[in-house]
Structure formats: C-alpha cells, structure tokens
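Throughout, a chain's letter reflects where its sequence line sits, starting with A, and its residues are numbered from 1. These numbers come from the heavy atoms of this one structure, side chains and all, not from hydrogens, waters or symmetry mates.
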Protein chains: 2
Amino acid sequence: MARNKPNDESYSSEQPLINRAIEILYGKWRLPIILLLGQKTLRYTELKDQLPSVSDRVLAKDLRALTTLGVVQRKVYAEVPPRVEYTLTERGRLALPIFIQLKEIGRIFSTSSDDHFN
Amino acid sequence: MARNKPNDESYSSEQPLINRAIEILYGKWRLPIILLLGQKTLRYTELKDQLPSVSDRVLAKDLRALTTLGVVQRKVYAEVPPRVEYTLTERGRLALPIFIQLKEIGRIFSTSSDDHFN
DNA sequence: CTGTATCCGAATGGATACTG
DNA sequence: CAGTATCCATTCGGATACAG
C-alpha cells in the first residue's frame, strides 16, 4: 500500500505550498505592495503615490486579497477624514527577506531579453 | 532638473527588476515547472505527467515563455519519435535556490486562510 | 481620504481535436 | 512524442465616475 510512484510523491506533497506562494504573488502589484510595506507602514494614498500607474480598483482589490491571505494588516482609524494604514503582519515580516530575494531573480534575468511585462 | 521626488526614486529604480521577477513567475505553472526542472532534465511528457492537471496548451506556452526569458533551455533531438528535453539554463540554476525559497513563503502562510487558488 | 461600481479590452487557463 | 489550433468561460487590469 502507498506504493511509491517514481518521483511524483515528493513533488505533489509540496504543490499546495507552491500554489500558496504563487497565489500571494499573483498579479502585477502584489510584490511591489509587499516590498513597499516592508519598508514602512503606509496609508492608502501614500501607497498609491508610490505606485503611480496602479488603478484604485486594482490597488484596493490587491490590498484586500493580501489582507485575507494574512500578509498585510489593515488598520482603520475612526477619524475625519478617514485614515487607513497598511502594515505587514508578523508573518509578512517573517517572509519579507524572501520577498526581497526575488529582486535578485529580476537581476539575474534582467539582460536576457526584452521586457515583455510592461 | 530631475528634482528628487520624496521617496519615489529608490523604489522606481528597482521596479524593472521586480517586474521581471513577477513576469517569470506569472501563471499557475511557471514555478512548478521551474522546480521540477531544477531537480532534473525532463521531456515534455515527463513534465506533463508530473503536473497532472496542466493542459497541453498552457504547458507548451509556459515552456516557450520560460525559454524566451532565459530560464529554461529547450533541446531537440532529431529522432523518431521526436524527443525534446527541457533543462534549466545556467542562469536558471543560479536562481534556483531563490525559487526554492519561495516554498518557504507557502509554508509561512499555509495556515492563514482557505486555499483560494486551487 | 478611502475606497466601490461599472464598463471594457486583453490575457489566462482549461477542454478538445488535430498534426508532423 | 510533442506539440498547435480553436473555442470558451473567467479573470485581470486600466479608466472613469461616484460614495461614505
């Protein structure tokens, strides 16, 4: 029972982890948002100002998604005008060094071909 | 001229790198493919067998994209039946440790919420 | 200030059938 | 064996207008 299939088993057991990682990074703005919040807590508008070409729709959507995923913490202050601050969660800060490492990947492949992404 | 905008400059200089990294990982199957090829050279069908739910269309498309990006090397043998082997490029192998690190991110966030991705 | 609602074109990813 | 061609539903991301 539980016969060992050639080399499938070890991979498939890791696939949920891989999917989770990809899910967190899925979209043009997830990593940029994470890296900015890794430097400091930012308000919605501050984030928007530093990501000049992101639309409100996408920014709000990604912030909600990252909050749900446990990467980002959303803090609302009952003030007028309203103030909302975004910070990395503890887990987010724990994972931050790895997110930062991803820039190294960009560096490694930055001269290999034209930029198809933007 | 070239007035320094508050704290935009340091980030925007890194954005191309970030975009490149995201581009490489863009799609459900890019990272899984890279990690499998990081273990060993594989033929098209072997890859397909280890990624049971990927379609031919997507697999072929991602392999082409990763080849163009300089991550994966495609090697065709003039045999009958045809044989095509996929390997990581030198750069791909250089970046492999970072790709592997991404599984750690999956681990960090794996208990935070339901799996929305698959 | 911090979003949501709506519209739209483009890209994604799966299914199926077919080819050299 | 290693794909390509076609079709299709869903999602993505940008633009704009509006709201609490």
Side-chain angles (χ1 to χ4, degrees), chain A residues 15 18-19 21-34 36-37 41-69 72-87 114-118, chain B residues 6 15 18-34 36-37 41-69 72-87 114-118:
Chain A
Q15 193 152 14
I18 296 171
N19 284 344
I22 289 299
E23 182 183 11
I24 289 170
L25 294 170
Y26 215 71
K28 230 170 127 172
W29 301 106
R30 303 271 176 107
L31 182 57
I33 289 168
I34 291 168
L36 283 173
L37 294 181
T41 296
L42 290 172
R43 302 177 58 170
Y44 182 85
T45 306
E46 295 173 324
L47 218 28
K48 197 170 150 62
D49 288 344
Q50 304 210 34
L51 302 170
S53 59
V54 73
S55 68
D56 280 320
R57 182 184 158 281
V58 172
L59 180 55
K61 193 169 162 294
D62 279 351
L63 284 171
R64 261 183 283 119
L66 289 174
T67 301
T68 300
L69 285 163
V72 166
Q73 175 121 35
R74 186 175 183 271
K75 215 167 166 187
V76 185
Y77 295 84
E79 303 177 357
V80 177
R83 177 160 59 108
V84 179
E85 289 186 350
Y86 292 94
T87 322
D114 292 332
D115 193 325
H116 301 293
F117 195 64
N118 224 356
Chain B
Q15 193 151 15
I18 296 170
N19 284 344
R20 174 74 59 182
I22 289 299
E23 182 183 12
I24 290 170
L25 294 170
Y26 215 69
K28 231 170 126 173
W29 300 106
R30 303 272 176 105
L31 182 57
I33 290 168
I34 290 168
L36 284 174
L37 294 182
T41 295
L42 291 172
R43 303 176 58 168
Y44 181 85
T45 307
E46 294 172 326
L47 218 28
K48 196 171 149 63
D49 288 344
Q50 303 211 33
L51 302 169
S53 59
V54 73
S55 68
D56 280 320
R57 183 185 158 282
V58 172
L59 180 55
K61 192 169 163 294
D62 279 352
L63 283 171
R64 262 184 282 120
L66 289 173
T67 301
T68 300
L69 285 163
V72 166
Q73 175 121 34
R74 186 175 183 272
K75 215 166 165 185
V76 185
Y77 295 85
E79 303 177 356
V80 177
R83 178 159 59 107
V84 179
E85 289 185 351
Y86 293 93
T87 322
D114 291 332
D115 193 324
H116 302 291
F117 195 65
N118 223 357

N-O pairing of A/Glu46 and A/Arg43 below 4.0 Å: no

Spacing between A/Leu51 atom CG and C/dT2 atom P, to the nearest angstrom: 14 Å

Length of the CG-P vector between A/Leu47 and C/dC1, whole Å: 14 Å

Atom-pair distance (CH2 on A/Trp29; C1' on D/dG13), nearest Å: 10 Å

Euclidean distance, atom NZ of residue B/Lys75 to atom P of D/dA2 [Å, nearest integer]: 15 Å

Within-4.5 Å side-chain heavy-atom neighbours: A/Arg30 and A/Leu69: yes

Lys/Arg N to Asp/Glu carboxylate O, A/Glu85 vs A/Arg83, below 4.0 Å: yes

N/O (side chain, B/Ser55) to phosphate O (OP1/OP2, C/dA15) under 4.0 Å: no

N/O (side chain, A/Arg64) to phosphate O (OP1/OP2, C/dT4) under 4.0 Å: yes

Most 5' of A/Val58 and B/Thr45 on DNA chain D, judged by nearest nucleotide: B/Thr45

Interatomic distance, A/Leu59 CG vs D/dT16 P [rounded to whole Å]: 17 Å

Integer-rounded Å distance: C/dT12 P and B/Leu31 CG: 17 Å

Whole-Å gap separating P (C/dT2) and CZ (A/Arg74): 10 Å

Parallel, tilted or perpendicular, as decided by the 30° and 60° cut-offs, for the rings of B/Tyr86 and B/Tyr44: tilted

A/Tyr26 vs C/dG13: side-chain N/O to OP1/OP2 distance below 4.0 Å: yes

Phosphate OP1/OP2 of D/dC12 contacted by A/Lys61 side-chain N/O (<4.0 Å): yes

Selected nucleotide, minimal atom distance to B/Arg43 side chain, candidates C/dT2, C/dG3, D/dC1: D/dC1

Earlier contact from the 5' end, DNA chain C, for A/Tyr44 and B/Arg57: A/Tyr44

Side chain to side chain, A/Lys48 and A/Asp56, heavy atoms closer than 4.5 Å: yes

Separation of atom CG in B/Asp56 from atom C1' in D/dT6, rounded to whole Å: 14 Å

Under-4.0 Å side-chain N/O to phosphate OP1/OP2 contact, A/Tyr86 with C/dG3: yes

